Structure formats: C-alpha cells, structure tokens
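The structure appears right after this line, and notes come after that.
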Amino acid sequence: MFRSRRSVSARQLWRQRCTTPSRGLGEGAPPNPEDLQNALRPTAHQLFKKLKDEQLWQLAEAVESKGRWDCGCVWFPWESRGGKQALAPQVLLCKLYRWPDLRQASELKRLMQCENFWRKGSEGTSICCNPYHFSRLAVPELPTQVPCKVKESLRFVPSDTFSPLNPGSTYSNVRGRHDTTLSRGSYKDGYWCKLAYWEHRTRVGRLYTVSEPSVHIFHDLPKGSGFCLGFLGSETRNETVRRTRMKIGQGITLSHENDGVWVYNRSEHPIFINSPTLASVNTRGQSVHKLLPGYSIKVFDSEQEVSRCHVLGDGPYDPHSVRISFAKGWGSCYSRQFITSCPCWLEVLLRPPR
C-alpha cells in the first residue's frame with residue numbers, strides 16, 4: 001500500500017511541475033520548456049525515491065499549496081548526492097516548481113523560515129530542498145529616478161511624527177506636529193522596525209511593531225500570521241484602492257538578517273521599493289526598484305553609506321525609512337510621480353543603531 005501511495009505521489013508531483021516558458025535563454029527560438037523538463041524527469045524521480053515517506057508527503061503538500069502556508073522542511077539525505085547528479089536537490093526542485101530558467105544555487109536565497117537558514121555551513125547529514133523555502137535573488141537594474149523637488153504639500157517628514165492614535169493621519173495634516181511617544185528615543189526593547197500602511201495620502205490603522213526576526217505583511221494568507229492588511233478598514237477607500245488591495249495577496253516578508261534587511265515578494269504581482277541604500281550615494285533623486293514575484297532583495301544595508309536626496313527646502317530626511325508600493329510603481333516612468341499617489345503602500349520605519 002505504501003509503495004502504491006509513493007508511486008501516486010511521485011506521479012502527482014511530476015504533473016504539478018511548472019510549465020511556463022523559461023526566460024533569458026539567449027537569442028533565437030527558445031527551447032520547448034516541456035522538452036527541458038522531460039530531460040530532468042529521471043533525475044527528479046531518483047530524488048523522489050531517496051526521500052523518506054514523510055518527506056515525500058511534505059513535498060507534495062508544499063507544491064500543492066504553492067507556498068501559501070509553511071509545510072516545514074523537506075529533508076534530503078546529504079550523502080545521497082552522487083557524482084552523476086549535476087543539480088543540487090534544491091536547485092532541481094526550484095527549477096521544476098518555480099523557475100524553469102534557474103541554472104545554479106547562487107541564484108537562490110534561503111528564507112528565514114527554513115531550518116537550514118539557521119545552520120549555514122553546517123548542514124549535517126541532510127539539506128532542506130523545499131522549493132518554497134527559497135527565493136530568487138533579484139539582479140539590480142537601473143532604477144527609476146524620482147525627482148526630489150516636490151510640491152510643498154507632498155514633502156516627506158520624519159515618519160516617527162505620525163501619531164499611532166490617529167490612523168487617519170495624512171502627509172499634509174501631520175506637518176508641524178510631533179508625537180513624543182514615537183520619538184527615536186522612546187524605543188521599547190526588542191523591536192527592530194515599525195510598519196505604517198498607507199492608502200494614497202492617508203494612513204490606515206495603527207503602527208505595527210516588529211520584534212521577531214521576520215514578519216509577513218499580507219492581505220490574504222491562509223494560516224498566516226503577521227501584519228494582516230485585510231483587517232484594516234477605511235471610510236475613504238475608493239475603487240482603485242480596493243482593486244489594488246486584492247492584488248496584495250500573500251504580500252511580502254520582511255526579515256532582519258546579519259547583513260541587513262531583506263524583502264521577499266510572495267505575491268503574484270510586482271512591488272516597488274525606495275530605499276536610501278538601494279541608490280548610489282550621490283544620486284540626485286529617489287531610486288525606485290521593481291521586484292518581481294518570488295524574488296528577494298536587500299532593501300537596507302546597515303554597512304552601506306546612505307544616499308541622500310540633496311534638495312533645498314524639501315524638509316527633514318529620514319535615512320532609516322523604506323517605502324514599498326504594492327502592484328503600482330511611481331516615478332518618471334509612471335503616471336504617478338510620488339508614492340503618495342500610489343493606492344496601497346507600506347512605510348518601514350527602521351530602528352537606527354544606537
């Protein structure tokens with residue numbers, strides 16, 4: 001019975017592979033993705049055979065859920081990697097179920113939810129090959145330059161001046177006010193950032209304090225925990241905001257790691273990011289980076305010199321704030337020139353080092 005169940009699971013796993021065309025395969029007619037994956041079929045079935053029963057069922061659950069909830073690590077015996085297996089097990093499964101054009105392990109980043117993340121360099125006798133415990137590293141592109149010179153009513157003020165007791169705060173009505181409960185000197189021990197959710201110019205809900213190493217920000221995430229934007233209501237919400245909110249889906253994951261702060265796009269739509277460490281130091285504008293679904297990027301590097309927007313009369317500047325817009329970009333390439341024109345966006349208020 002167990003042998004029959006394993007055979008059924010293996011067949012189901014093969015049928016659930018990703019069949020979207022690969023990108024970046026060079027000039028000329030791209031190879032048929034079905035032919036590419038059929039070449040991997042013997043290797044994939046050998047991997048399925050080497051997984052223990054429990055690990056095989058766990059892999060099947062992870063693939064079926066498409067990462068909507070964490071199914072735990074799928075452990076592959078490290079010593080089982082033979083010399084004939086050209087692809088590492090995690091690369092093979094990520095290639096089958098997420099990115100058919102994936103080529104090597106260096107293109108992947110292990111997510112914090114994976115147990116292997118916490119024991120880097122000492123995997124021991126097994127390695128996790130759950131394809132949804134990985135993201136793909138984003139290749140930096142030339143960003144959209146957002147002009148720094150903005151109208152008086154749109155100038156950015158330090159994000160810690162927004163009152164947590166006034167969810168309807170806007171960029172225009174908080175100028176000149178200061179809430180000492182959110183000043184940089186009033187930290188509670190243990191948190192590394194606070195999150196503010198905005199719809200156009202209006203903040204919705206209270207500030208969300210993050211003390212865990214990572215946090216999910218989402219609209220709809222089964223079995224998910226973290227900052228649920230779906231629970232936040234607003235009396236002034238229009239149809240554009242409603243449609244954009246539905247695109248947030250599984251949202252993003254923010255993680256505070258040894259080398260900085262990372263964001264992973266779990267949704268099915270791109271996100272757009274502005275961070276002072278994603279731009280060159282002498283940039284004359286705010287750089288906006290597009291991050292595709294399934295990709296990760298370091299949005300704040302604590303070791304890197306912060307880029308500043310040098311504009312006279314533009315108000316105070318917060319060098320520890322990251323802004324993320326869901327599904328909608330802004331800047332010179334878009335009809336929206338400023339992030340306050342984006343329907344749904346997030347402000348990450350990082351706790352600066354003491």
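Nothing here was measured: the structure is a model prediction, and the numbers come from that model.
In terms of the side chain to side chain contact (heavy atoms under 4.5 Å, CB included) criterion, residue partners of Pro270 (sequence neighbours excluded) are, by chain and number, Phe272, Lys290, Leu292. Residues satisfying the ring-ring contact (aromatic ring centres under 6.0 Å, His included) criterion with Tyr197, sequence neighbours excluded, are absent altogether. Remark: Arg242 engages Glu239 in a salt bridge (charged side-chain N to carboxylate O under 4.0 Å, His left out) (not counting sequence neighbours). Looking at residues two or more places apart in sequence or on another chain, you find a side chain to side chain contact (heavy atoms under 4.5 Å, CB included) between Phe218 and His216, Leu221, Cys228. Qualifying ring-ring contact (aromatic ring centres under 6.0 Å, His included) partners for His256, counting only residues two or more places apart in sequence or in other chains: Trp192. Glu268 meets the side chain to side chain contact (heavy atoms under 4.5 Å, CB included) test with no other residue; sequence neighbours excluded. Contacts of Tyr208 classified as side-chain hydrogen bond (donor to acceptor under 3.5 Å, both in side chains), with partners at least two apart in sequence or in another chain: none. Shown here are the side-chain hydrogen bond (donor to acceptor under 3.5 Å, both in side chains) partners of Ser255, two or more places apart in sequence or in another chain: Glu257. Residues forming a side chain to side chain contact (heavy atoms under 4.5 Å, CB included) with Glu64 (at least two apart in sequence, or on another chain): Gln16. Residues forming a salt bridge (charged side-chain N to carboxylate O under 4.0 Å, His left out) with Lys298 (at least two apart in sequence, or on another chain): Asp259, Asp301.
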Test log, rule side-chain contact (heavy atoms from CB on, under 4.5 Å), inputs Asn116 and Ile127: CA-CA 7 Å; Asn116 268 150; Ile127 184 173; 3.6 Å; yes
Stepwise side-chain contact (heavy atoms from CB on, under 4.5 Å) check, Leu349 with Cys193: CA-CA 5 Å; Leu349 313 175; Cys193 81; 5.9 Å; no
Candidate pair His133 and Asp70, rule side chain to side chain donor-acceptor pair (under 3.5 Å), full reasoning: CA-CA 8 Å; His133 278 191; Asp70 186 18; 2.9 Å; yes
Check against side-chain contact (heavy atoms from CB on, under 4.5 Å), Trp75 and Cys128: CA-CA 5 Å; Trp75 296 108; Cys128 174; 4.1 Å; yes
Check against side-chain contact (heavy atoms from CB on, under 4.5 Å), His200 and Asn238: CA-CA 10 Å; His200 293 298; Asn238 58 33; 3.9 Å; yes
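Checking side-chain atoms of Glu54 against main-chain N and O of Leu51 turns up no donor-acceptor pair under 3.5 Å. A distance-only check finds no donor-acceptor pair linking the side chain of Asn274 to the backbone of Arg323 [under 3.5 Å]. The backbone N or O of His269 lies less than 3.5 Å from a partner atom in the side chain of Asn265, making a donor-acceptor pair. Side-chain atoms of Ser214 do not come within 3.5 Å of backbone N or O of Met112 as any donor-acceptor pair. In terms of modelled atom types and a separation under 3.5 Å, the side chain of Glu347 and the main chain of Val322 share no donor-acceptor contact. A side-chain donor-acceptor contact under 3.5 Å links Arg245 to the backbone of Leu229. Put simply, the side chain of Lys109 never gets that close to the backbone of Arg136: no donor and acceptor are under 3.5 Å apart.
Closest approach of Cys73 to Cys114, counting heavy atoms only: SG-SG, 3.9 Å. Of all heavy-atom pairs spanning Trp262 and Ile297, the tightest one is CE3-C, 3.3 Å. The shortest non-hydrogen separation linking Cys129 to Leu93 is O-CD1, 3.1 Å. Minimum interatomic distance between Lys328 and Thr244 (heavy atoms only, all atoms of both residues): CE-OG1, 3.9 Å. Scanning all heavy atoms of the two residues, the minimum distance from Phe300 to Pro319 falls at CE1-O, 3.4 Å. Residues Gly72 and Asn130 share a closest heavy-atom pair of O-ND2, 2.8 Å.
Using a 4.5 Å heavy-atom threshold, the side chains of Leu13 and Leu56 count as touching. With contacts defined as side-chain heavy-atom distances shorter than 4.5 Å, the pair Ile252/Leu346 qualifies. Looking at Met246 and Arg243, their side chains never come closer than 4.5 Å, going by heavy atoms from C-beta outward. Here the side chains of Gln46 and Pro42 are not in contact, with every heavy-atom distance at 4.5 Å or above. Contact annotation: the side chain of Trp330 approaches that of Ile339 to within less than 4.5 Å [non-hydrogen atoms, C-beta and beyond]. You'll find the side chain of Glu199 stays beyond 4.5 Å of the side chain of Pro343, heavy atoms only. Considering only heavy atoms from C-beta on, Trp57 comes within 4.5 Å of Ser9 through its side chain. Contact check for Glu61 versus Trp69: side-chain heavy atoms found under the 4.5 Å cut-off.
Other members of the cluster containing Phe231 do not exist, because no ILVMFWY side chain is joined to it at under 4.5 Å. Its side chain within the 4.5 Å cluster rule, Tyr264 clusters with Leu111 among the Ile, Leu, Val, Met, Phe, Trp and Tyr residues.
Put simply, Phe134 and Val263 are part of the same group of oily side chains (I, L, V, M, F, W, Y) that touch within less than 4.5 Å, one to the next. Under the 4.5 Å side-chain heavy-atom criterion for Ile, Leu, Val, Met, Phe, Trp and Tyr, Val241 and Trp345 are members of distinct hydrophobic clusters. Hydrophobic clustering (side-chain heavy atoms under 4.5 Å, transitive across Ile, Leu, Val, Met, Phe, Trp, Tyr) groups Val91 together with Leu59. Note: the hydrophobic cluster containing Leu40 also contains Leu102 (ILVMFWY, side chain heavy atoms under 4.5 Å, direct or indirect links). Tracing side-chain contacts under 4.5 Å through hydrophobic residues (I, L, V, M, F, W, Y), one reaches Val74 starting from Trp14; they form part of the same cluster.
Ionic pairing of Lys247 and Asp220 is not present here: no N-O contact between side-chain nitrogen and carboxylate oxygen is shorter than 4.0 angstrom.
The distance from the CZ atom of Arg266 to the NZ atom of Lys66 is 14.5 Å, given to the nearest 0.5 Å. Expressed to the nearest 0.5 Å, how far CZ of Arg41 lies from CG of Leu96 amounts to 11.0 Å. Between the CD atom in Glu212 and the OG atom in Ser225 there is a gap of 9.0 Å [rounded to 0.5 Å]. Once rounded to the nearest 0.5 Å, the distance linking NE2 of His289 with CD1 of Ile271 reads 12.0 Å.
For His219 and Phe326, the gap between ring centers reaches or exceeds 6.0 Å.
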